[in-house]
Protein chains: 2
Amino acid sequence: MVERLDAEARAALARELPGWSPVEGRDAIARSFRFADFGEAWGFMARVALLAEKQDHHPEWFNVWNRVDITLTTHDAGGLSARDVALAKAIDRLLG
Amino acid sequence: MVERLDAEARAALARELPGWSPVEGRDAIARSFRFADFGEAWGFMARVALLAEKQDHHPEWFNVWNRVDITLTTHDAGGLSARDVALAKAIDRLLG
């Protein structure tokens, strides 16, 4: 069983993941990414897909052309867990 | 300039693309696909990405785990065009 983030971990989110925002009405975080074109967006998605498989934790995501919107939450926990923080940090590292 | 589908082409949609449904409030069609797991869903998405680049026409799509929701419309035409029909047919062919 995966545990939801405690108050201390939640308080640290804004500092640790400044690019990510809380999702209204859900215990989730989201970030929108823009690229030069579909090829670059897809390349980014392919790297995120590998991270997701490696971490055995998968995003909810939407793509249209050069835009990729990623939402992270942990269905098994019913909300945000350390898995989301780990995946968000790994995604951020892809962008250098 | 890409032209929107005429009445005849629209009337043929239900017959030609039975798996696709009109999107409420938009001139678009959508289809939801389910797979065994994320790896299979991703493999499908990779094939759709190649089709999209080849046809220079890209989907709006959403994925979570084994589910892929694809919406097709032609932004340049302000609605459905022959490009959407061609991409939808090619996507359907991927599934055999």
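Below, read A as the first sequence line, B as the second, and so on, with proteins coming before strands; counting in each chain starts at 1. The structure displayed is predicted, hence computed values, not measured ones.
- The CZ atom of A/F62 sits 12.5 Å away from the CG atom of B/N63 when rounded to the nearest 0.5 Å.
- Environment of CZ in A/R47: sparse, with no more than 12 heavy atoms of neighbouring residues, nucleotides or ligands closer than 6.0 Å.
- The structure places CZ of B/R67 at 15.0 Å from NE2 of A/H58, a figure rounded to the nearest 0.5 Å.
- Atoms CG and CD, on A/D37 and B/E53 in that order, are 7.0 Å from each other to the nearest 0.5 Å.
- Among the candidates B/G39, B/P59, B/A49, B/A52, the residue making the largest number of heavy-atom pairs closer than 4.5 Å to chain A is B/A49.
- More than 12 heavy-atom neighbours from other residues, nucleotides or ligands sit within 6.0 angstrom of CD on A/E16.
- Residue B/V23 is not grouped with residue B/L80 when hydrophobic side chains (ILVMFWY) are merged at heavy-atom distances under 4.5 angstrom, including chains of intermediate members.
- Taking 4.5 Å as the limit, some side-chain heavy atom of A/H75 sits within range of a side-chain heavy atom of B/V64.
- A distance of 11.0 Å separates CG of A/D56 from CZ of B/F38, quoted to the nearest 0.5 Å.
- Placement of A/L95 and A/L50 in two distinct hydrophobic clusters is found when ILVMFWY residues are connected by side-chain heavy-atom separations under 4.5 Å, directly or transitively.
- In plain terms, the two heavy atoms of A/W42 and B/A46 that are nearest each other are CZ2-CA, 3.4 Å.
- Hydrophobic clustering of Ile, Leu, Val, Met, Phe, Trp and Tyr side chains at less than 4.5 Å, counting indirect connections, keeps A/L72 apart from A/V2.
- Under a hydrophobic-cluster definition in which Ile, Leu, Val, Met, Phe, Trp and Tyr are linked whenever side-chain heavy atoms come within less than 4.5 Å, directly or via other members, A/L87 and B/W65 are assigned to the same cluster.
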